Participant: 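Starting off with a structure, shown below.
Just so it is clear, the model here is predicted, and its values are computed rather than measured. FYI, the numbering just counts along the sequence from 1.
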Amino acid sequence: MLKIQNKNYVGLACAALLAACGGGGSSSPPAPVTSFAVAGVVSSLTNKGASFSGNRTDAEGNQFKLNVTYAPQTVGGYSRQETLVTNGLAGAPALASFNFTETAGQLTVTGWKNAQGVAGALFASTPLPAMASVGTNGKWFTATLSAPSQETLLLDASWTLEALSESTAELCLRLGYVSGLTVFSDSDCFKLDARGNVTGFSAIKDFRKSTFSSQLIYQ
């Protein structure tokens, strides 16, 4: 009889604990995260550096790997280098350089050079916001690049922030280029957790000329 009574007491105690906690399963889910750091993510890339990679396989079975590295240079400067590896063979790296300033949690690009080291003429630059809401986007900077015997190249950089789930988002930095009738762009997309940490990466390359267009995704 003593053992039975102890079991009853245990059952009553467990029931009391469940009642005190709202039935053991009725707690409210966490509220969705609706805003994420934008400038802070880019600031970490520019000041600390980071490396990412994405993979793609074409219809013929060829294997491609895109390696992207952000690295600090002088104070207020950083570089973005990409290398495409095709079936295990690495191509020549392409490196672009940026100058920037940081004020009040915002990051502003003040200069840009292409892979050949030619500086673009920056004529518009909008600071990356400290925080942004999911579903928003914005201009980043615009520059033109003139080289002998070539058409003037227009560089139009922008950003987008899209929700992936109730607690994650994707921040994409897009560098769009226009040369005559040719339009192409490189986008680095970073998956962010609720604290703004980068937990994933993908790269998108878009190309359009007249009626032809293509999109390559490395992830």
Side-chain angles (χ1 to χ4, degrees), residues 28-54 66-82 95-114 119-145 154-177 185-206 217-219:
S28 299
V33 181
T34 59
S35 61
F36 291 79
V38 173
V41 173
V42 180
S43 177
S44 179
L45 296 175
T46 61
N47 290 294
K48 299 178 182 178
S51 295
F52 308 94
S53 63
L66 185 68
N67 297 316
V68 176
T69 299
Y70 287 81
Q73 294 183 320
T74 58
V75 176
Y78 74 96
S79 63
R80 176 196 179 276
Q81 177 177 288
E82 69 170 51
L95 183 145
S97 300
F98 303 78
N99 294 108
F100 68 96
T101 60
E102 292 184 89
T103 306
Q106 298 180 322
L107 187 146
T108 305
V109 167
T110 58
W112 169 79
K113 291 182 180 180
N114 68 0
L122 195 74
F123 62 87
S125 186
T126 303
L128 292 176
M131 299 293 293
S133 300
V134 293
T136 59
N137 59 77
K139 294 286 188 179
W140 191 7
F141 65 93
T142 308
T144 56
L145 183 69
L154 172 66
L155 171 61
D156 185 22
S158 59
W159 61 271
T160 60
L161 183 67
E162 298 292 340
L164 295 178
S165 71
E166 290 191 343
S167 61
T168 62
E170 184 176 63
L171 171 64
C172 290
L173 304 177
R174 178 183 178 274
L175 299 179
Y177 308 88
S185 67
D186 294 324
S187 297
D188 289 344
C189 297
F190 307 95
K191 181 180 179 181
L192 309 179
D193 64 15
R195 295 185 176 183
N197 299 310
V198 176
T199 61
F201 172 82
S202 62
I204 304 172
K205 291 184 172 294
D206 283 298
I217 301 176
Y218 301 84
Q219 58 187 359

Participant: Which pairs, with at least one residue in residues 161-170 and sequence neighbours excluded, count as a side chain to side chain donor-acceptor pair (under 3.5 Å)?
Facilitator: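 For residues 161-170, and leaving out neighbouring residues, the side chain to side chain donor-acceptor pair (under 3.5 Å) pairs sorted by first residue read S165-T168.
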
Participant: Hey, are the side chains of L155 and N114 touching, using non-hydrogen atoms and a 4.5 Å cut-off?
Facilitator: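 No; the side chains remain at least 4.5 Å from each other.
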
Participant: Any side-chain donor paired with an acceptor under 3.5 Å for T69 and S51?
Facilitator: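 Looking only at side-chain atoms, S51 and T69 do form a donor-acceptor pair, the distance falling under 3.5 Å.
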
Participant: I need the minimum non-hydrogen distance between V109 and S125, along with the two atoms involved.
Facilitator: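 Nearest heavy atoms, V109 then S125: O-OG, 2.6 Å.
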
Participant: Determine yes or no for a side-chain-to-main-chain donor-acceptor pair under 3.5 angstrom, with S43 supplying the side chain and A39 the backbone.
Facilitator: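 Checking the backbone N and O of A39 against the side chain of S43, no donor-acceptor pair under 3.5 Å is found.
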
Participant: Any side-chain heavy atom of L192 sitting closer than 4.5 Å to one from V198?
Facilitator: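 Yes, at least one pair of side-chain atoms sits under 4.5 Å.
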
Participant: Are any non-hydrogen side-chain atoms of T108 and F141 less than 4.5 angstrom apart?
Facilitator: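 No, every pair of side-chain atoms sits at 4.5 Å or beyond.
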
Participant: Looking at every heavy atom in both V33 and V134, which two are closest together, and how far apart are they?
Facilitator: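 Between these two residues, the closest heavy atoms are O-CG1, 4.4 Å.
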
Participant: Does Y218 reach the side chain of V68, with side-chain heavy atoms less than 4.5 Å apart?
Facilitator: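 Side chain of Y218 against side chain of V68, heavy atoms only: no contact under 4.5 Å found.
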
Participant: Measuring only between side-chain heavy atoms, which start at C-beta, is D188 closer than 4.5 Å to F52?
Facilitator: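 D188 does not reach F52 side chain to side chain.
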
Participant: Within the side chain of T160, is there an N or O that forms a donor-acceptor pair under 3.5 Å with the backbone of N137?
Facilitator: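 Flag not set: sc T160 to bb N137 has no pair under 3.5 Å.
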
Participant: Would you say the side chain of K205 lies within less than 4.5 Å of the side chain of L66, judging by non-hydrogen atoms?
Facilitator: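 A side-chain contact exists here, since the closest heavy-atom pair is under 4.5 Å.
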
Participant: Hey, what do you get for SG (C172) to CG (L161), rounding to the nearest 0.5 Å?
Facilitator: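 C172 atom SG to L161 atom CG measures 9.0 Å (nearest 0.5 Å).
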
Participant: State which residues pass ring pair (Phe, Tyr, Trp, His ring centres under 6.0 Å) with F100; sequence neighbours excluded, sorted by chain then number.
Facilitator: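 For F100, the residues satisfying ring pair (Phe, Tyr, Trp, His ring centres under 6.0 Å) (neighbours in sequence not counted) are Y78.
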
Participant: Sort and list the pairs that fulfil ring-ring contact (aromatic ring centres under 6.0 Å, His included) and have at least one residue in residues 28-49, not counting sequence neighbours.
Facilitator: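 Not a single pair qualifies under ring-ring contact (aromatic ring centres under 6.0 Å, His included).
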
Participant: A side-chain contact here means heavy atoms from C-beta on lying under 4.5 Å apart; do D156 and K139 qualify?
Facilitator: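 A side-chain contact exists here, since the closest heavy-atom pair is under 4.5 Å.
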
Participant: Look at the aromatic rings of W112 and Y177 and report parallel, tilted or perpendicular, splitting at 30° and 60°.
Facilitator: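 Tilted, since the angle between the ring planes falls between 30° and 60°.
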
